[in-house]
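First the structure, in the form of structure tokens, and then the observations on it.
Residues: numbered from 1 along the sequence shown.
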Amino acid sequence: MADSPKDLQFREMKDTITELNKLIQTLRETIEMLKAQQEQISQERDNLKEQVDYLTKKLFGSSSEKGVAQIPGQMDLFNEAEAEQDPSLAGQEEAFATEPPADKTTRKPRKNNDDRFKGIPVEKCYLDVPEEERICGICGTPLEKIGEEFVRREIQFTRPKVKIREYYSINYGCPACKTSAGLPYIKKGKDGRAHMIHGMASASTVAWVIYQKYFNGMPLYRQERDWKQCGAQISRATLANWVIRNADDFFRPMYDFFRRELLKRQFVMADETPVQVLHEPGRRAQTQSYMWLYRSGEDGGPPIIIYKYSQTRAGENAVDFLDGYSGYLMCDGYSGYNKLRSAKRTACYAHIRRYLIDAIPKGKELDYTQPAVQGVMYINRLFEEEGKIKKKNLSFDAIKQARLEKEKPVIEGFLAWLEKQSPVKGSRMAKAVTYARNRIPYLMTYLEDGRCSLSNNPSENSIRPFVVGRKGWLFSDRPVGAEASAMCYTMVEMAKANGVNAYHYLSLLLEKLPNSSMTDGELEQLAPWNESVKAEVEQMALAENQ
């Protein structure tokens, strides 16, 4: 039986509804897809804005990482009990009340002229009355000296000057043997020292060139112009040869000795920074090389600071340099240090805080609800407690105990906070959280020994002179020049770290001429921490000022 027109119309309407439902579903899926794309685009835009703010802050903002542990106008994350004044926590409040208040930051007292110019010789200049005026203007009686009065004080600078010193031997002969003996008897004057310094330069001259470049950051082409102003036509190539050849012969024995002494220690810090070397075999001039820094930790021993040049940043460089070392190693998050299987890694909380500071949105530095601000507060609390402990001048065992009592709970709270974070993928906060989570195995290592450090700041401070100097001389021409720079920076920074005048220490080494045949005991007598070396350098400084 044929369908009636109404049945046909009904089926058509039913099919239309089905098609419309499919269309609606398709449109819904399209809308959801567009929403997801819009969210992705918005997130990418926010990430790019965050990156722009970060780069702008890096370019124009302050580089200081200092911050306050407590945000004004907000509850203190660690003293919430006191802020809430909960009566049920009266016992805890009493415990907090018995704790001494934090020390207020006090300014260092201003130094007077006697402190600022200590050790500089003083020459007294007398302003005398002309002899013809030493007559009383009232009665004409000759005047008598009744004393002296201080008028003023001036700083006088003597400009460096160049002179050529020629050595001649005075010869003596026996007149009797000249006529009677077969051979004449002749005696020649000697100073008992052969000229071992490469080139015509004296020890003080080579020391001055090295001091100017590696202490004052003056490139050789500027020194070349400076020598010309003094009347000496000395090319930068000659200056470079003085540095490279003398450093290789007379600094390398001390350099190797310092490395052996460093490996005997139980606490080492490390860092690295790029350096460009133009003519490396088999490599393009634009290829990046690295200058590594290794130094002793804050263990109370004499500081040791060593620079090491390498063509790559591969972890094998650290393995080779620290071969045989089995103590604690403080470094940043670079994975290449993981190849040091025998060393026990510790985490740098300054790096963790740096990532968190970079993740704080622009203008939200005092917003307690921002996760990055909360993370920074935890790290600030750690540094605050560490500062209080260090001010007490405790023994290393007492420092360990104080850290376990004061700092371990803060780390545990930070770890609990870190576990709850779920930042947006690709954001700076995600990078900060990932960096901190990758450091979790090492976060509590420093609690094992009071001689361990909370951060890698000492090594970053030690590598800074190289970074500053690199802005002036930009690159090294050859690997031998980069190696010489590593040894020269080592000698200069070792002198500075041990409180020795860097120029006079360089002069002392170039006068003593350490060599590879010396024993460690003999080389130790030339180390900057040696008391006899300090006394001799001080005498050299006094003699120069006289």
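- Using a 4.0 Å cut-off between a side-chain N of Lys or Arg and a carboxylate O of Asp or Glu, Arg403 and Glu386 qualify as a salt bridge.
- In the model, Asn456 has a side-chain atom that pairs as donor or acceptor with a side-chain atom of Ser459 under 3.5 Å.
- Remark: aromatic rings of Trp208 and Tyr503 are close, center separation under 6.0 Å.
- In this structure, Pro302 and Asn498 have side chains that are in contact, with non-hydrogen atoms separated by less than 4.5 Å.
- Residues Pro423 and Val433 approach most closely at CG-CG2, 4.0 Å, considering heavy atoms.
- Between Arg451 and Glu298 there is no salt bridge, since none of the side-chain N atoms of the basic residue sits less than 4.0 Å from a carboxylate O of the acidic one.
- A search for salt bridge (charged side-chain N to carboxylate O under 4.0 Å, His left out) contacts involving Lys400 returns nothing, not counting sequence neighbours.
- Using the six-membered ring where Trp is involved, Tyr334 and Tyr337 have ring planes that are perpendicular, over 60° apart on the 30 and 60° scheme.
- Atom NZ of Lys390 has more than 12 neighbouring heavy atoms from other residues, nucleotides or ligands inside a 6.0 Å radius.
- Without hydrogens or angle criteria, Asp323 side chain to Asp320 main chain gives no donor-acceptor distance under 3.5 Å.
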Taking it one step at a time, do Val373 and Glu365 satisfy side chain to side chain contact (heavy atoms under 4.5 Å, CB included)? CA-CA 7 Å; Val373 175; Glu365 292 82 4; 5.8 Å; no
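- Gln539 and His504 are not linked by any side-chain donor-acceptor pair at a separation below 3.5 angstrom, with hydrogens and angles left out of the test.
- In this structure, Ser310 contributes its side chain and Thr312 its backbone to a donor-acceptor pair below 3.5 Å.
- In this structure, Glu448 and Thr346 have side chains that are not in contact, with every pair of non-hydrogen atoms separated by 4.5 Å or more.
- Under the 30°/60° scheme for interplanar angles, the aromatic rings of Tyr349 and Tyr446 are found to stand perpendicular.
- Salt-bridge annotation for Arg265 and Glu261: absent, with no side-chain N of the basic residue lying under 4.0 Å from a carboxylate O of the acidic one.
- The shortest distance between side-chain heavy atoms of Thr490 and Phe251 does not fall below 4.5 Å.
- The closest side-chain heavy-atom distance from Ser289 to Tyr309 is below 4.5 Å.
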Can Leu510 and Ser507 be said to form a side chain to side chain contact (heavy atoms under 4.5 Å, CB included), step by step? CA-CA 5 Å; Leu510 292 172; Ser507 300; 5.9 Å; no
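- When ring centroids are compared, Phe215 and Tyr211 come within the 6.0 Å threshold.
- A salt bridge is defined here as a Lys NZ or Arg NE, NH1 or NH2 lying under 4.0 Å from an Asp or Glu carboxylate O, and Lys512 with Glu536 meets this definition.
- A heavy-atom distance below 4.5 Å is found between the side chains of Pro458 and Arg295.
- Using a 4.5 Å cut-off on side-chain heavy atoms (C-beta onward), Tyr307 and Pro465 make contact.
- Between Asp248 and Val480 the shortest side-chain heavy-atom distance does not fall below 4.5 Å.
- For the residue pair Glu524 / Asn530, a side-chain donor-acceptor distance below 3.5 Å is found, with atom types taken as modelled.
- Taking the six-membered ring for Trp and thresholds of 30 and 60 degrees, Phe267 and Tyr328 have nearly parallel ring planes, at less than 30 degrees apart.
- Crowding of Lys534 atom NZ: a count of heavy atoms from other residues, nucleotides or ligands under 6.0 Å exceeding 12.
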If you apply the rule side chain to side chain donor-acceptor pair (under 3.5 Å), what do you find for Thr273 with Arg470, and how did you get there? CA-CA 10 Å; Thr273 189; Arg470 184 180 59 194; 3.0 Å; yes
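- Counted by atom type alone, Gln401 and Glu405 present one or more donor-acceptor pairs between their side chains at under 3.5 Å.
- At least one donor-acceptor pair under 3.5 Å links the side chain of Ser342 to the backbone N or O of Tyr325.
- The closest donor-acceptor contact from the side chain of Asp299 to the backbone of Gln266 lies at 3.5 Å or more, if one exists at all.
- In this model, no donor atom of one side chain and acceptor atom of the other lie less than 3.5 Å apart for Ser395 and Asp397.
- The minimum heavy-atom distance between Ile305 and Met494, with the atom names listed, is N-SD, 3.1 Å.
- Between Ser296 and Leu262 the shortest heavy-atom distance is N-CD1, 3.6 Å.
- Contact annotation: the side chain of Met429 never approaches that of Val424 to less than 4.5 Å [non-hydrogen atoms, C-beta and beyond].
- For the ring-ring contact (aromatic ring centres under 6.0 Å, His included) with Phe466, the lone residue among Tyr214, Trp473, Tyr290 that qualifies is Trp473.
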